[in-house]
Amino acid sequence: MPALRRSDGVLELGSVSLADIARDPRFGTPTYVYDLDGIAAEAAELKSAFDDAPHLVAYAVKANSAGPIVKVLAATGCGADVVSGAELLLAVACGVPAAQIVFSGVAKTDAELDLAIGVGDSGIGAIQVESVEELPRISARATAVGRVARVSLRINPAVDMQALDTHSYIATGHDEAKFGVPLASVTDALGRIEGDRHLRLVGVGSHVGSQLTATDGYLASASALFTFAREVRARFDLTFVDAGGGFGIDYGDGCPVRPADFMRLTRKLQREMGLDDLALYCEPGRSLVGAHGVLVASVIQRKIALPRRWIMIDAGMNDLMRPALYQARHRIVPVVHAGEAMTAYRVVGPVCESSDDFGVHDLPDSGPRELREVAILDAGAYGYSMASRYNGRALPAEVFLRGGKVLTSTPRGSVDEWVQDRLRAPLS
Ligand SMILES: Cc1ncc(COP(=O)(O)O)c(C=O)c1O
């Protein structure tokens, strides 16, 4: 689905030459480039899985919090799954109705709870409760402003971690994870909500993990969730069940299942379990944006010490942390390829860490046209949103494409900004 192709050897995203962007003095490198049309189409395809049934695609803003992206997704009818007060404010500023926001997170501060309860006429759609201990805190904040806080219980379905086809760092729905209310505590949680007139249980949810490329773990979690929903709905006026996010994308090893496939199967299960009258929520992050963003970087130099060959680029782990954080692999391809023979190079960044390493990739040997830029593919999710200024590096620029041209951009951070920032605390 990503609109990547080569034209006369030049890599294009959304029909825009990535070489032109990299060489445009307004942008330069490293720069994230996103195809907003691809992102909108991705959301539309997922929404089609629901037909006309009540649903909410709550975009997990943490995957990519760029304003133009959140605005485009809001315009296609997506809600938002936020994990901080800042993301909540951003979602509202981007046009997501408060009622279509759910707030997940294991340690929400009082200030964040106040925001969630206080926004709009009656607060956000639901605060996703992740522990019994959170309930009296939410109730106290709601009582203080004379409101009723809508909550949903995010249960931890204790899915067998070995059975989940994902990296342990991004598996969340197993019994050692800090996420979700443990099954052993749900009775206590329900009792507390029932006895509290400032809390209203409107939904139940779960989220098992990220980058799932098979549906089994997701459906096992949904089945546990739906069983739970059937038990509690006699006591509570539930309006939704939230099966979470986690749909995988193809980072090069394939991903046979589309997000819409996950939701069609989940809807089928929902119907079979007699819960069809409840709205079905999901919380995709990566799958809406991941494949529609690339990180373009310039080659600084090669380093050859046979049998080792490196290509050093101007993007580092601070710009794209996933490889260093959880051994993720992104495909790296030349931006311009004139047919030169390829050799395996280890691609590394400038950051002073051994883990600043994007792995081994086939890239052109020196040829008539020296390799100037590379594109790191599938970098639209958990890329810029995790970027840091480590080593005094400027945050990368971002370019947003729509209708085959550059629509808008976020300028690169400046090195001077970093120096001034680090000098802010006076020593006197
Ligand atoms: C509660 C919750 N919802 C949604 C997501 C988004 O997951 P993904 O980006 O894999 O779709 C996450 C990520 O871990 C999460 O923890």
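One-based numbering along the sequence shown.
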Between atom CG of Leu88 and atom CG of Leu115, what is the distance when rounded to the nearest 0.5 Å? 6.0 Å
Where do Gly285 and Ala60 come nearest, in terms of heavy atoms and distance? CA-CB, 3.7 Å
With distance as the sole test, does Glu112 use its side chain to make a donor-acceptor pair with the main-chain N or O of Ser84 at under 3.5 Å? no
Show, in sequence, the C-alpha distance, side-chain angles and deciding distance for Ser210 and Arg286, and conclude whether the side chain to side chain contact (heavy atoms under 4.5 Å, CB included) test is met. CA-CA 8 Å; Ser210 201; Arg286 181 191 315 275; 2.9 Å; yes
Nearest 0.5 Å, please: how far is CD1 in Ile332 from CG in Leu377? 8.5 Å
Taking Asp51 for the side chain and Ala53 for the main chain, is one N or O donor matched with an acceptor at less than 3.5 Å? no
Does any non-hydrogen side-chain atom of Arg6 lie less than 4.5 Å from one of Pro334? yes
Look up atom CG in Leu407 and atom CZ in Phe400, then write down how far apart they are to the nearest 0.5 Å. 9.5 Å
Applying salt bridge (Lys or Arg N to Asp or Glu O under 4.0 Å) to Lys108 and Glu130, what does each step give before you reach the verdict? CA-CA 10 Å; Lys108 305 169 193 87; Glu130 305 226 18; 5.1 Å; no
Evaluation steps, salt bridge (Lys or Arg N to Asp or Glu O under 4.0 Å), between Arg329 and Asp253: CA-CA 10 Å; Arg329 183 174 168 85; Asp253 294 330; over 6 Å; no
If you compare all heavy atoms of Cys78 against all heavy atoms of Gln100, which two are closest, and at what distance to 0.1 Å? O-OE1, 4.0 Å
Between the main-chain N or O of Val296 and the side-chain N or O of Thr31, is there a donor-acceptor pair closer than 3.5 Å? no
When every non-hydrogen atom of Ser152 is compared with those of Phe240, the smallest separation belongs to CB-CZ, 3.6 Å
Could you pull out the closest heavy-atom pair between His292 and Leu13, with the gap in Å? O-CD2, 4.0 Å
Please answer whether the main-chain N or O of Arg26 pairs with a side-chain N or O of Asp24 as donor and acceptor at a distance below 3.5 Å. yes
Shortest non-hydrogen contact from Ala260 to Glu45? CB-O, 3.8 Å
Could you go step by step and tell me if Phe27 and Val33 meet the side chain to side chain contact (heavy atoms under 4.5 Å, CB included) rule? CA-CA 10 Å; Phe27 312 128; Val33 188; over 6 Å; no
Walk me through whether Arg141 and Asp114 qualify under salt bridge (Lys or Arg N to Asp or Glu O under 4.0 Å). CA-CA 6 Å; Arg141 306 316 295 178; Asp114 288 346; 2.8 Å; yes
Are any of the side-chain heavy atoms of Pro259 and Pro284 separated by less than 4.5 Å? no
Of all the heavy-atom pairs spanning Arg302 and Tyr345, show the shortest one and how long it is. NH1-OH, 2.8 Å
Are Tyr384 and Leu395 packed together at the side-chain level, in the sense that at least one heavy-atom pair is separated by less than 4.5 angstrom? yes
Lys47, NZ atom: more than 12 neighbouring heavy atoms under 6.0 Å: yes
Test your reading of the model: is there a side-chain donor-acceptor pair from Thr227 to the backbone of Ser223, 3.5 Å cut-off? yes
Decide yes or no for Cys255 and Ile249: does some side-chain heavy atom of the first lie under 4.5 Å from some side-chain heavy atom of the second? no
Measure the spacing between CD of Glu398 and CZ of Arg412 and express it to the nearest 0.5 Å. 10.5 Å
State the NE2-CG distance between His55 and Leu278, to the nearest 0.5 angstrom. 15.0 Å
For Val106, is there any backbone N or O sitting under 3.5 Å from a side-chain donor or acceptor partner on Arg154? no
Centroid separation under 6.0 Å, is that true for the rings of Tyr251 and His330? yes
Donor-acceptor contacts, no H, no angles, side chain residues 306-317, under 3.5 Å, sequence neighbours left out:
{"residue": "Asp314", "atom": "OD1", "partner": "Ser298", "partner atom": "N", "Å": "2.8"}
{"residue": "Asp314", "atom": "OD2", "partner": "Thr29", "partner atom": "OG1", "Å": "2.6"}

Are the side chain of Arg322 and the backbone N or O of Tyr382 linked by a donor-acceptor pair below 3.5 Å? no
Pairwise side-chain contact, Leu401 with Ile21, heavy-atom cut-off 4.5 Å (strictly under): yes
Check whether Asn318 reaches the backbone of Ser388 with its side chain - one donor and one acceptor, N or O, closer than 3.5 Å. yes
Can you tell me how far CD of Gln128 sits from NE2 of His207, rounded to the nearest 0.5 angstrom? 11.0 Å
Is there a side-chain contact between Tyr59 and Asn64 in this structure, where contact means two heavy atoms from C-beta onward sitting under 4.5 Å apart? yes
Taking the side chain as everything from C-beta on, heavy atoms only, tell me whether Tyr32 gets closer than 4.5 Å to Thr410. no
Is the shortest heavy-atom distance from the side chain of Phe226 to the side chain of Thr266 under 4.5 Å? yes
Are Asp81 and Tyr281 close enough, and set up right, to give a side chain to side chain contact (heavy atoms under 4.5 Å, CB included), and what steps lead you there? CA-CA 10 Å; Asp81 168 43; Tyr281 286 17; over 6 Å; no
With side chain to side chain contact (heavy atoms under 4.5 Å, CB included) as the criterion, how do Leu153 and Val129 come out once you've worked through the C-alpha distance, each side chain's angles and the decisive distance to 0.1 Å? CA-CA 5 Å; Leu153 271 196; Val129 174; 3.9 Å; yes
Can you check salt bridge (Lys or Arg N to Asp or Glu O under 4.0 Å) on Glu42 and Arg258, steps first, answer last? CA-CA 10 Å; Glu42 199 76 63; Arg258 298 285 301 154; 2.5 Å; yes
